[in-house]
Asks: 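Pasting a structure below so you can have a look.
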Amino acid sequence: MMTENPEMMENQQNPDTARPPRLLTWWQIAALEKQGCSATDWDEVRISPDTDLSEIRNVRFGGRVSIEAGAIVRDVPGGIVNCHIGRDAVIENVARIAFEEEAPCGVGTTICALDETGSRPVKAYPGLSSQIATLMARVPNWLENRLSPTFQEFLDTKMPPHSIGDRAVVRDCGLLLNVSVGPEVRVDGARSLVNGSIFNNAAPGKGLAYVGQGVDAENFIIEDGVVDSGCIVRDCYIGQGARLEKGFTAHDSLFFANSSFENGEACAVLAGPYSVSMHKASLLIGIQTAFMNAGSATNQSNHMYKLGPVHWGVFERGVKTSSGAYVMLGAKIGAFSLVMGQHKTHPDSSLFPFSYLFGDERGATVVVPGAMLRSCGLMRDEKKWPARDRRQKRRLPLFDRINYSVLNPYTVDSMLNAIDTITELLTMHTDDDLYLRYKGMKFTRAALERAKMLYTAAIYKYLSLTLPEGVFPDNDGEPAGEWVDVGGQIVPRVVLEKALSCDTVEEAESVFTEAFERYEDLQLSWIGRRFGEWWRSRASIIPAGADQFDTFVEDDRNEYLDTLARETKMLAL
């Protein structure tokens with residue numbers, strides 16, 4: 001009976017005192033060989049003296065291999081090649097783990113987002129934020145002209161180790177080739193992983209990163225995210241709190257904070273924070289999203305069979321699609337809109353947020369502006385998103401900057417502009433079919449008149465939230481300026497332009513961080529510049545206007561509950 005080694009036991013309990021891996025003695029090699037182990041060159045294998053050699057069985061070693069204290073390595077018939085195995089890591093029943101010299105492990109992978117032909121490449125790396133990815137995809141010259149001189153040096157600093165990290169678990173898997181597995185990452189039952197990295201940035205014991213059963217992935221980075229249950233992934237970045245599950249298939253796509261995708265397919269998608277697609281037969285292709293919810297059998301097309309899949313579009317934040325919704329790209333759908341039916345006229349409804357978009361029998365887009373503002377679910381969404389942030393309470397750096405507010409300078413500015421456009425449209429005559437037309441979209445006069453009232457009430461609501469005392473900030477004489485949504489972060493366009501003038505990723509990130517921290521001040525400055533005398537003269541009725549908005553929402557809630565009660569009664573036994 002083998003006696004316990006007190007020194008080994010003490011070092012395992014105090015990992016800071018554990019001894020580093022070192023060359024094996026001849027009797028240790030003999031013991032390993034007796035346990036079914038072999039090596040192309042035992043002089044290249046190093047194992048910590050504080051590792052129990054009885055936990056290393058049926059493994060072939062190739063190239064330089066080192067094993068830290070407390071590791072368990074069993075049943076790797078295809079071998080472990082050129083790999084460092086961290087403290088207390090567990091490797092069991094894995095076909096093969098191997099690293100080629102200077103393998104990038106997914107870092108620098110080109111992701112052909114939006115335009116599948118590769119004209120808008122996003123380069124993947126650890127710490128990629130939705131803001132930087134948006135700049136790369138939407139302004140490709142920035143990567144090509146601004147970043148290129150130093151970008152490879154930047155990527156070199158991001159290269160992960162060729163290792164299985166401390167306390168990581170890799171169990172019941174097929175091939176892992178050039179796949180860096182970070183500390184406390186779990187890989188259970190993956191079918192094949194090639195050229196990728198799986199990072200865990202959370203505090204000890206709070207890890208998010210996980211790869212599960214049947215996953216087949218190539219050219220990828222998974223960073224504090226989950227890929228599970230038979231997903232197939234090619235050329236993708238899966239970010240913090242994002243989840244791909246239930247056989248989802250994705251290529252050339254990026255998934256940022258707290259996105260959830262199941263069953264369907266994504267091609268060339270830039271999925272911003274809280275994008276969701278849960279249903280089979282849903283195909284998202286060539287679009288940028290944020291806070292999106294895709295209905296079953298949602299579909300887009302980006303290929304007109306002329307110049308290849310070069311068409312793409314933008315679903316602004318909060319867009320929802322009904323079952324079977326179809327949009328022919330290019331198209332731009334306004335924020336917090338509901339898309340129903342088929343849309344084949346390349347609509348740009350960005351001027352009219354919070355709208356219902358119906359596709360008629362010919363594929364034209366009929367718009368009911370502002371109709372979503374009455375929805376009781378709208379404000380519910382704003383409250384539920386922060387509560388569903390999987391990144392929280394894990395003490396990890398948050399890469400994606402997210403503004404959750406539904407009413408913000410971006411959507412409010414759109415509504416202010418929409419009111420002006422609606423006022424002009426209402427002076428025009430309808431066509432023979434009783435529709436007014438604007439940029440390929442169709443409106444009824446009644447819908448426009450109601451939208452003007454809804455938009456005005458929503459703006460009063462916004463002002464009541466941002467100006468609780470009802471006092472407008474002074475106008476400093478500067479232009480109000482436009483705001484934009486950059487991957488879930490609402491910023492003035494001047495901030496975007498400043499970021500695009502940066503020559504390094506670090507500089508651009510700092511610009512977005514500063515704007516995120518100064519959001520409230522920047523918003524107040526914008527209100528002071530954007531709202532003129534007409535609005536200021538009505539400051540006293542802001543509370544009444546906000547109450548009217550709340551009444552719309554409450555009426556919708558009560559109507560919904562009444563309908564639900566009738567349905568429940570109808571369906572009762």
Asks: For the CZ atom on Arg530, are there more than 12 heavy atoms of other groups (residues, nucleotides or ligands in this structure) within a distance under 6.0 Å?
Replies: yes

Asks: Quick check against the 3.5 Å criterion: does Arg146 have a side-chain atom that pairs as donor or acceptor with the backbone of Asn141?
Replies: no

Asks: Under the side-chain hydrogen bond (donor to acceptor under 3.5 Å, both in side chains) rule, what do Asn403 and Ser405 come out as? Steps first, then yes or no, please.
Replies: CA-CA 6 Å; Asn403 296 116; Ser405 56; over 6 Å; no

Asks: Measuring only between side-chain heavy atoms, which start at C-beta, is Tyr460 closer than 4.5 Å to Tyr462?
Replies: no

Asks: Does Phe549 have its ring centroid less than 6.0 Å away from the ring centroid of Phe552?
Replies: no

Asks: Between the side chains of Asn195 and Asn219, is a donor N or O closer than 3.5 angstrom to an acceptor N or O?
Replies: yes

Asks: Determine all donor-acceptor pairs shorter than 3.5 Å in which one atom belongs to a side chain in residues 507-514; sequence neighbours excluded.
Replies:
| unit_1 | atom_1 | unit_2 | atom_2 | d |
| --- | --- | --- | --- | --- |
| Glu507 | OE1 | Asp503 | N | 3.3 |
| Glu509 | OE1 | Ser129 | OG | 3.3 |
| Glu509 | OE1 | Arg401 | NH1 | 3.0 |
| Glu509 | OE1 | Arg401 | NH2 | 2.6 |
| Glu509 | OE2 | Ser129 | OG | 3.1 |
| Ser510 | OG | Glu507 | O | 2.6 |
| Thr513 | OG1 | Arg401 | NE | 3.2 |
| Thr513 | OG1 | Arg401 | NH2 | 3.0 |
| Thr513 | OG1 | Glu509 | O | 3.0 |

Asks: Quick one about Asn302 and Glu116 (side-chain donor to acceptor, distance below 3.5 Å, no hydrogens or angles considered), yes or no?
Replies: yes

Asks: Does the side-chain hydrogen bond (donor to acceptor under 3.5 Å, both in side chains) test come out yes or no for Ser355 and Ser349, once each step is laid out?
Replies: CA-CA 8 Å; Ser355 296; Ser349 69; over 6 Å; no

Asks: Side-chain contact, heavy-atom cut-off 4.5 Å: Leu522 with Ser525?
Replies: no

Asks: Using a distance-only test with no angle check, is there a side-chain donor-acceptor pair under 3.5 angstrom linking Tyr326 and Asn299?
Replies: no

Asks: Are the side chain of Asn200 and the backbone N or O of Pro183 linked by a donor-acceptor pair below 3.5 Å?
Replies: yes

Asks: Side-chain contact, heavy-atom cut-off 4.5 Å: Leu524 with Leu467?
Replies: yes

Asks: With no hydrogens and no angle check, just 3.5 Å: does a side-chain donor-acceptor pair link Thr289 and Ser275?
Replies: yes

Asks: Check the side chains of Tyr237 and Glu223 for a donor-acceptor pair under 3.5 angstrom, ignoring hydrogens and angles.
Replies: yes

Asks: Does Ser119 reach the main-chain N or O of Asp115 with its side chain, forming a donor-acceptor pair under 3.5 Å?
Replies: no

Asks: Does any donor atom in the side chain of Gln489 or Asp485 lie under 3.5 Å from an acceptor atom in the other side chain?
Replies: no

Asks: Holding to salt bridge (charged side-chain N to carboxylate O under 4.0 Å, His left out), I want the full list of residues that pass it with Arg390, two or more places apart in sequence or in another chain.
Replies: none

Asks: List the residues meeting salt bridge (charged side-chain N to carboxylate O under 4.0 Å, His left out) with Glu245, not counting sequence neighbours, and say none if there are none.
Replies: Arg243

Asks: May I ask you to check whether Phe291 and Phe336 place their ring centres under 6.0 Å from each other?
Replies: no

Asks: Less than 3.5 Å apart, any donor N or O on the side chain of Glu265 or Ser282 sitting next to an acceptor on the other?
Replies: no

Asks: Kindly indicate, with the supporting measurements, whether the criterion side-chain contact (heavy atoms from CB on, under 4.5 Å) is fulfilled by Met328 and His346.
Replies: CA-CA 6 Å; Met328 182 181 289; His346 312 289; 3.7 Å; yes

Asks: Take Asn258 and Arg388, measure what side-chain contact (heavy atoms from CB on, under 4.5 Å) needs, and give me the verdict at the end.
Replies: CA-CA 8 Å; Asn258 302 306; Arg388 296 181 179 180; over 6 Å; no

Asks: Compare every heavy atom of Ala209 with every heavy atom of Val185, then report the nearest pair and how far apart it is.
Replies: CG2-CB, 3.9 Å

Asks: Ignoring hydrogens and angles, tell me if any N or O in the side chain of Ser375 forms a donor-acceptor pair with the backbone of Gly377 under 3.5 Å.
Replies: yes

Asks: Without swapping roles, check the side chain of Glu262 against the backbone of Ser277 for a donor-acceptor pair under 3.5 Å.
Replies: no

Asks: Got a donor-acceptor contact below 3.5 angstrom from the Arg394 side chain to the Lys206 backbone?
Replies: yes

Asks: Among Phe531, Tyr455, Trp483, whose side-chain contact (heavy atoms from CB on, under 4.5 Å) with Val412 holds?
Replies: Phe531

Asks: Under the ring-ring contact (aromatic ring centres under 6.0 Å, His included) rule, what do Phe516 and Tyr519 come out as? Steps first, then yes or no, please.
Replies: CA-CA 5 Å; Phe516 187 73; Tyr519 174 74; 7.8 Å; no

Asks: When you compare the side chains of Thr110 and Lys123, does any donor N or O come within less than 3.5 Å of an acceptor on the partner?
Replies: yes

Asks: How about Trp526 and Asp413: do any of their side-chain heavy atoms sit closer than 4.5 Å?
Replies: yes

Asks: Any heavy-atom pair between the side chains of Thr117 and Cys112 that's under 4.5 Å?
Replies: no

Asks: Does the side chain of Ser259 come within less than 4.5 Å of Tyr274's, by heavy atoms?
Replies: no

Asks: Should we count NZ of Lys384 as having more than 12 external heavy atoms under 6.0 Å?
Replies: yes

Asks: Checking Tyr410 against Glu316: is there a side-chain donor and acceptor pair closer than 3.5 Å?
Replies: yes

Asks: Rounded to the nearest 0.5 Å, what's the gap from OG1 on Thr249 to CG on Asn263? Could you check?
Replies: 10.0 Å

Asks: Arg138 versus Val314: any side-chain heavy-atom pair under 4.5 Å?
Replies: yes

Asks: Among Thr109, Val179, Val194, which one satisfies side-chain contact (heavy atoms from CB on, under 4.5 Å) with Phe220?
Replies: Val179

Asks: To the nearest 0.5 Å, how far apart are OG in Ser197 and CG in Asn178?
Replies: 9.5 Å

Asks: With heavy-atom distances below 4.5 Å as the criterion, would you say the side chains of Asp228 and Leu244 are in contact?
Replies: no

